[in-house]
Protein chains: 2
Amino acid sequence: MARTTGSDGEKTEAAIREAAVELIARYGYEAVSMRQLAAEVGVQAAALYRYFPTKEDLLFSLMHEHMDALLGAWNDARPATSDPTTRLIAYVTNHIAFHIERRPSTHISNMELRSLSPERLTQVLKLRTAYEKELRTILREGSEDGSFTIEDTGLTAMALIQMMTGVIVWFRPGERLSVAGVTETYLSMTMRLVGRLVGATTSREQNHVHTRAELRA
Amino acid sequence: MARTTGSDGEKTEAAIREAAVELIARYGYEAVSMRQLAAEVGVQAAALYRYFPTKEDLLFSLMHEHMDALLGAWNDARPATSDPTTRLIAYVTNHIAFHIERRPSTHISNMELRSLSPERLTQVLKLRTAYEKELRTILREGSEDGSFTIEDTGLTAMALIQMMTGVIVWFRPGERLSVAGVTETYLSMTMRLVGRLVGATTSREQNHVHTRAELRA
DNA sequence: GAATTAATTGAACGTTCGTTTTATTATTTC
DNA sequence: GAAATAATAAAACGAACGTTCAATTAATTC
């Protein structure tokens with residue numbers, strides 16, 4: 001056989017991407033063979049090469065798309081306001097929502113960096129750095145205008161990102177916690193980390209005030 | 001040739017472990033071949049099979065040893081005292097020191113779990129859970145006796161571990177920060193996360209008080 | 001110093017890998 | 001409806017993979 005009835009390049013490419021994200025996230029880039037991927041798509045291995053010249057091109061494409069989507073989501077969610085607290089809330093909320101929604105591709109972008117060629121690694125890391133810089137800027141400005149009390153802005157940013165991204169390790173939708181609940185708790189922990197605690201009220205009450213309400217400001 | 005002069009089983013096995021930890025941490029388990037590993041050790045691939053029946057046996061052995069060492073280190077470092085704050089300080093200090101010291105094997109134990117058979121995965125996860133439970137217990141007891149103010153003990157424990165382990169992603173010895181400095185800052189952030197802030201003093205002053213002093217109590 | 005055991009080599013096994021090539025069929029164009 | 005193009009299958013490539021086996025030499029035992 002050759003071309004199959006109803007075959008369509010765009011649909012096939014989308015199917016390849018989808019299957020690749022799931023398989024690579026589950027088994028790892030090196031462990032997934034082109035034949036296994038092709039079987040999942042319902043196609044022969046050779047067909048994959050019409051869309052991606054090499055296996056690494058496929059990986060790079062998935063990662064690049066992931067980072068673009070992350071930066072795009074933040075661009076859509078970032079508030080016009082310049083109030084650091086509002087911006088931090090938006091950042092955390094967007095980060096958690098995005099990473100829960102895109103758990104498989106997040107896994108890939110975090111774990112498979114070492115399978116990229118040096119040039120492509122640099123390219124992906126540049127996007128990641130740009131995204132992280134947004135948080136550092138928020139923390140620094142909030143620190144300067146007295147909104148936050150932070151010892152080390154760089155370290156706090158890394159700790160925050162590490163903490164937030166860690167959500168994908170244990171979070172399973174439909175279990176004990178909802179996305180909103182998780183976000184609420186992580187916002188609370190974030191505010192503690194940046195020193196935005198004033199006094200004696202419990203943190204539960206404190207953080208119920210921001211979040212959803214302030215997010216859409 | 002066959003047996004080489006000066007060859008010694010114990011030394012060879014140690015050399016294999018050492019090389020395997022470095023190579024797998026850098027390139028990933030699937031990406032490292034037995035031949036590549038053997039070359040690094042200075043031996044033929046077949047020689048590896050005298051010490052590890054399969055490649056997966058080797059991986060499992062490395063991970064198991066890592067977890068044993070982690071639990072062992074905590075057992076040595078855990079204070080006799082029952083004061084939650086002192087225990088938390090000891091836990092954080094030990095965790096950061098251990099993970100900086102064992103960055104390669106930490107990487108492996110965090111990233112290569114999916115390459116283990118189900119039974120062995122369970123075995124390793126059991127050790128990890130035991131280690132994490134220690135932290136949850138500290139947080140819970142500190143929460144009960146009023147030392148800490150925590151919304152969700154389980155989530156805070158996960159956030160803390162994620163945050164602390166994240167140190168190995170960016171920390172390079174001999175750069176801007178010393179191990180002591182990093183530990184200081186992370187202790188400060190930890191105390192904030194568990195709600196052990198009282199009032200208006202800056203966090204720098206606050207956390208300089210604990211750490212080194214309280215650690216050896 | 002002969003016999004035994006420990007450690008390793010070198011070659012080979014069958015399998016799977018990423019990738020290429022060629023042929024074939026479906027779809028689109030005119 | 002013929003010509004051109006797009007999408008795939010089928011088969012094959014050499015290379016590399018994890019692993020096994022027999023032969024060989026070093027060290028140890030008695």
For [X] and [N], give me the distance from atom [atom1] to atom [atom2], rounded to whole Å.
X	N	atom1	atom2	result
A:Lys11	C:dT27	NZ	C1'	13 Å
A:Glu56	C:dT19	CD	P	9 Å
B:Lys55	D:dT20	NZ	P	15 Å
B:Arg50	D:dT25	CZ	C1'	13 Å
A:Glu30	C:dG18	CD	C1'	11 Å
A:Phe52	C:dT19	CZ	C1'	16 Å
A:Met34	C:dT19	CE	P	6 Å
B:Ile16	D:dG18	CD1	P	14 Å

Closer than 4.0 Å, any side-chain N/O of [X] to the OP1 or OP2 of [N]?
X	N	value
B:Ser33	D:dC17	yes
B:Gln44	C:dG10	yes
A:Thr12	D:dT8	yes
A:Tyr49	C:dT21	no
A:Tyr51	D:dA7	no

May I ask you to say whether A:Arg50 pairs ionically with A:Glu13, meaning some side-chain N is under 4.0 Å from a carboxylate O?
no
Sugar-phosphate, base or nothing in reach of B:Val32, heavy atoms under 4.0 Å:
sugar-phosphate
Proximity of B:Phe171 and B:His99 rings by center, below 6.0 Å:
no
Can a cation-pi geometry be assigned to B:Lys55 and B:Tyr29, taking NZ or CZ under 6.0 Å from the six-membered ring centre and within 45° of the ring axis?
yes
Check whether NZ of the Lys or CZ of the Arg A:Arg196 lies under 6.0 Å from the centre of the six-membered ring of A:Phe148 and within 45 degrees of that ring's axis.
no
A:Arg35 or A:Ala45, whichever maps to the more 5' nucleotide of DNA chain D
A:Ala45
In terms of the angle between their ring planes, are B:Tyr91 and B:Trp74 parallel, tilted or perpendicular, with boundaries placed at 30° and 60°?
perpendicular
Name the residue closer to the 5' end of DNA chain C, choosing between A:Pro53 and B:Leu48 according to the nucleotide with the nearest heavy atom.
B:Leu48
